[in-house]
Amino acid sequence: MHRPFRQIDVFGEEAFTGNPVAVIGSAEGLSTEEMRAVSRWTNLSECTFLLPPTRPGADYRVRIFSLDAELPFAGHPTLGTARTWIDLGGRPARDGEVVQECGAGLVPVRFDDDRYAFRAPPLVRSGPVDERTARDALALIGVDHAVDMAWVDNGPGWLGILLEDADDVLRIVPDIARRTATGLASIGVVGPYPEGSEAAFELRAFFTDEEGADLREDPVTGSLNASVAQWLTGTGRARTPYLARQGTRLGRRGRITVEGDGDDLWIGGRTDVCVSGTIDA
């Protein structure tokens, strides 16, 4: 079938500087294995599939894949999918806000022109990291010590590592050969910029495939920025609003806004439709 296809650049300073996500519209009839195959073929960090909603209050449903693995939630795919749904003519029940149904439940997304922001979902795992996992994580990213470390998982399995400063984050050279049997899949690293800088924090995100044989770096990561924001604001290390940077080491110019609204955090940035067409799937 000819299905709508969009490739959306998310969190960039301008188009083609952020993190791309492939979005397939009208995905009814595709099996899970077919979705996996399309996701692998795009070779992007994530690929999503738009479906009719099944829960009251949702505008649409999405399935999110990272190559072979299906995720309950991911950040920049959420914003890219919302932008695609609007681009394909979707009309939300509320002006300026859509509600996405995904494995993590219902996720509201606010939008204004090309600026989209999702409400950070609750963590599914938090708290301290056992000593063995901590050693494995530090070895994998090639650093001797961290200021702090905690589980900050909102779906993709993130383990958060706080370093002394942004330069320490940018100097990281990870080594997959140092990965041990603890099974770490997703590591996010964050470090602060000096007070008065344009951005408050620099982040980097590393993840492995299902077999753990390949280590990749994600250019700009909404889910990690969301969970790190919850961690840092919850421990008093950050106050909203603030701007985070990611992708600097990869030549990207990712800019992520974090804003507070009562007890909620909203993670946002620019979204651009960069590729528009159809896919035969």
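Owing to the predicted nature of the structure, the values given are computational and were not obtained by experimental measurement.
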For residues 48-56, run the donor-acceptor check on the side chains, cut-off 3.5 Å, and write out each pair with its distance to 0.1 Å, sequence neighbours left out.
unit_1 : atom_1 : unit_2 : atom_2 : d
T48    : OG1    : T81    : OG1    : 2.8
T54    : OG1    : E101   : OE1    : 3.4
T54    : OG1    : E101   : OE2    : 2.4

Without placing hydrogens or testing angles, list every side-chain donor-acceptor pair under 3.5 Å for residues 159-169, not counting sequence neighbours.
unit_1 : atom_1 : unit_2 : atom_2 : d
D165   : OD1    : D167   : N      : 3.2
D165   : OD1    : D168   : N      : 2.9
D168   : OD1    : R171   : NH2    : 2.4

Under 3.5 Å, which donor-acceptor pairs link side chains of residues 255-263 to any protein atom two or more places apart or in another chain?
unit_1 : atom_1 : unit_2 : atom_2 : d
R255   : NH2    : E13    : OE2    : 3.4
T257   : OG1    : G268   : O      : 3.2
D261   : OD2    : R110   : NH2    : 2.7

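Each of R252, R270, R253 was evaluated against E14; a single residue qualifies, R253, per the salt bridge (charged side-chain N to carboxylate O under 4.0 Å, His left out) test.
D59 places a side-chain N or O within donor-acceptor distance of the main-chain N or O of A93, the cut-off being under 3.5 Å. Between the side chain of N154 and the main chain of S223, a donor-acceptor pair closer than 3.5 Å is present. A donor-acceptor distance shorter than 3.5 angstrom exists from the side chain of D153 to the backbone of G155, with no hydrogens or angles considered.
No donor-acceptor contact under 3.5 angstrom links the side chains of T271 and D114, judged on distance only. A donor-acceptor contact under 3.5 angstrom links the side chains of R6 and S276, judged on distance only. In the model, T32 has a side-chain atom that pairs as donor or acceptor with a side-chain atom of R63 under 3.5 Å. No hydrogens or angles considered: a donor-acceptor pair under 3.5 Å links the side chains of Q246 and N225. The closest side-chain donor-acceptor pair between N19 and D218 falls under 3.5 angstrom. A donor-acceptor pair shorter than 3.5 Å can be found between the side chains of T133 and D130.
Residues I187 and I141 have side chains in contact (heavy-atom distance under 4.5 Å, counting atoms from C-beta outward). Contact check for M149 versus L138: side-chain heavy atoms found under the 4.5 Å cut-off. Using a 4.5 Å heavy-atom cutoff, the side chains of L79 and F11 are in contact. Here the side chains of I64 and V62 are in contact, with some heavy-atom distance below 4.5 Å.
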Next item on the list: Take F73 and F118 through the test side-chain contact (heavy atoms from CB on, under 4.5 Å) and record every step on the way to the result.
Entry: CA-CA 11 Å; F73 172 78; F118 65 86; 3.6 Å; yes

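W85 pairs by the ring-ring contact (aromatic ring centres under 6.0 Å, His included) definition with Y60, not counting sequence neighbours. R83 is linked by a salt bridge (Lys or Arg N to Asp or Glu O under 4.0 Å) to nothing, counting only residues two or more places apart in sequence or in another chain. Partners of Y193 according to the ring-ring contact (aromatic ring centres under 6.0 Å, His included) rule, which considers only residues two or more places apart in sequence or in another chain, do not exist here.
For the pair A226 and A120, the tightest heavy-atom approach, listed with the atom from each and the gap, is CB-CB, 3.9 Å. A pairwise comparison of heavy atoms in L67 and S39 identifies O-OG, 2.9 Å as the closest pair. The two residues I172 and F206 come nearest to each other via the heavy atoms CG2-CZ, 4.0 Å.
In this structure, CD in Q230 is found 11.5 Å from OG1 in T235, a value given to the nearest 0.5 Å. Put simply, NE2 on H76 and OG on S45 are 4.0 Å apart, with the number rounded to the nearest 0.5 Å.
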